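Take a look at the structure below.
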Amino acid sequence: MSNYALIIAGGSGNRMGQDIPKQFMHVDNCPIIIHTLKAFQLHPNIDAIGVVCLQGWETVLQSYANQFSIDKLRWMFEGGENGQRSIYNGLVGLKDAGCEDDDLVLIHDAVRPLISQDIISSNIAICKRYGYAITGIKCKEAILESEDGFSSKVSIPRDKLIRTQTPQTFRLKNILAAHKLAAENNITNSVASCTLIAELGLSEMHIVPGSEKNIKVTTIEDLEILKALMHISKENWLK
Ligand SMILES: C[C@](O)(CO)[C@H](O)COP(=O)(O)O
């Protein structure tokens, strides 16, 4: 049985408002996606990596992978019109490439470059044990629900809330079956693999403790936080 990382880099990064897609922006002299790939390259239990790549950026990615010695990068798959479709393309690609039903797939956002070795290890261990592993952290803030983003009368108790991150890890056969079932049920734009499983009511998902440092770079502010985190503890971020 093998463990594969499936890195989702199909988005164009509109929320960042830059010319270059955010996953290809440089931080510390290296594209964000390469920082992410380095973490999986370094992990001894990751056998190979597939990237769902934004169309037109495949050659750029391959040349960066060569430059930074990411030799576990084995496949590139075509990005879709949204995250759900991109993940589906990647899963079908892995299956077509000969990956086995029981192989583990760690689905991870390309723009979460500070993923730690421990979180990758825990995803593999928890998925092997329970079948589903979702990285998440407890909610520390008070939560209000708002229809318009400006006003609210409703608070949601935070005690039971989990903020999900990636990796989200599954056996290939289970997550592929979930995507096929979603298509039959007209679920086409679920925001994450875990929300897809939840919407379908398929299975209990076990939560792997994540980290505030496992930041998702979505906005310019996130980019500033990423740069600060990298400079604070360069030696420690891959631990
Ligand atoms: C998968 C995810 O990172 C979980 O927190 C998040 O849902 C991804 O969202 P995006 O809209 O694809 O950036």
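Note that the structure is predicted; figures quoted are calculated from it, not measured. Just the heavy atoms: all of them, side chains too, but no hydrogens, waters or symmetry mates, feed the values below. Remember, it's 1-based here, ligands and their atoms both numbered in the order they're listed.
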Quiz item: Tell me, which protein residue and heavy-atom name are nearest atom 7 (O) of ligand 1, and how many Å apart are they?
Solution: V191 O, 3.5 Å

Practice problem: Measure the distances from the heavy atoms of R112 to every atom of ligand 1 and state whether one is below 4.0 angstrom. | Solution: yes

Practice problem: Would you sort out whether K227 and D28 count as a salt bridge (Lys or Arg N to Asp or Glu O under 4.0 Å), showing the intermediate values? | Solution: CA-CA 8 Å; K227 285 178 188 168; D28 212 15; over 6 Å; no

Exercise. Please tell me if the side chains of N214 and I115 come closer than 4.5 Å, counting only heavy atoms from C-beta onward.
Key: yes

Practice problem: Indicate yes or no: does an N/O atom of D109 lie under 3.5 Å from an N/O atom of ligand 1? | Solution: yes

Exercise. Could you list the atoms of ligand 1 found under 4.0 angstrom from a heavy atom of T166?
Key: 1 (C), 3 (O)

Practice problem: Note the single closest protein heavy atom to atom 6 (C) of ligand 1, along with its residue, its atom name and the distance in Å. | Solution: K216 CE, 4.0 Å

Quiz item: Is the closest basic N to carboxylate O distance between D101 and R171 below 4.0 Å?
Solution: no

Quiz item: Salt bridge check: are E147 and K153 linked by an N-O gap of less than 4.0 Å?
Solution: no

Atom pairs and distances, side-chain donor-acceptor, residues 72-81, under 3.5 Å, sequence neighbours left out:
unit_1 : atom_1 : unit_2 : atom_2 : d
K72    : NZ     : F40    : O      : 3.3
K72    : NZ     : Q41    : O      : 2.9
K72    : NZ     : H43    : O      : 2.7
K72    : NZ     : I46    : O      : 2.8
E78    : OE2    : Q55    : NE2    : 3.4

Quiz item: Which of the atoms in ligand 1, numbered in the order shown and given with their element, are less than 4.0 Å from a heavy-atom of T164?
Solution: 4 (C), 5 (O)

Quiz item: Nearest protein heavy atom to atom 11 (O) of ligand 1, by residue and atom, and its distance?
Solution: R15 NH2, 3.2 Å

Donor-acceptor pairs are to be reported for all side-chain atoms of residues 183-195 against protein atoms at under 3.5 Å, with residues two or more places apart or in another chain.
unit_1 : atom_1 : unit_2 : atom_2 : d
N185   : ND2    : L181   : O      : 2.8
N189   : OD1    : N82    : ND2    : 3.4
S190   : OG     : T195   : OG1    : 2.8
S190   : OG     : L196   : N      : 3.2
S190   : OG     : E199   : OE2    : 2.5
T195   : OG1    : V191   : N      : 3.3
T195   : OG1    : A192   : N      : 2.9
T195   : OG1    : A192   : O      : 2.7

Quiz item: Which ligand 1 atoms are under 4.0 Å away from a heavy-atom of A192?
Solution: 1 (C), 7 (O)

Quiz item: Would you call the rings of H206 and Y130 parallel, tilted or perpendicular if under 30° counts as parallel and over 60° as perpendicular?
Solution: parallel

Quiz prompt | Non-hydrogen atom of T218 closer than 4.0 Å to ligand 1 | solution = no

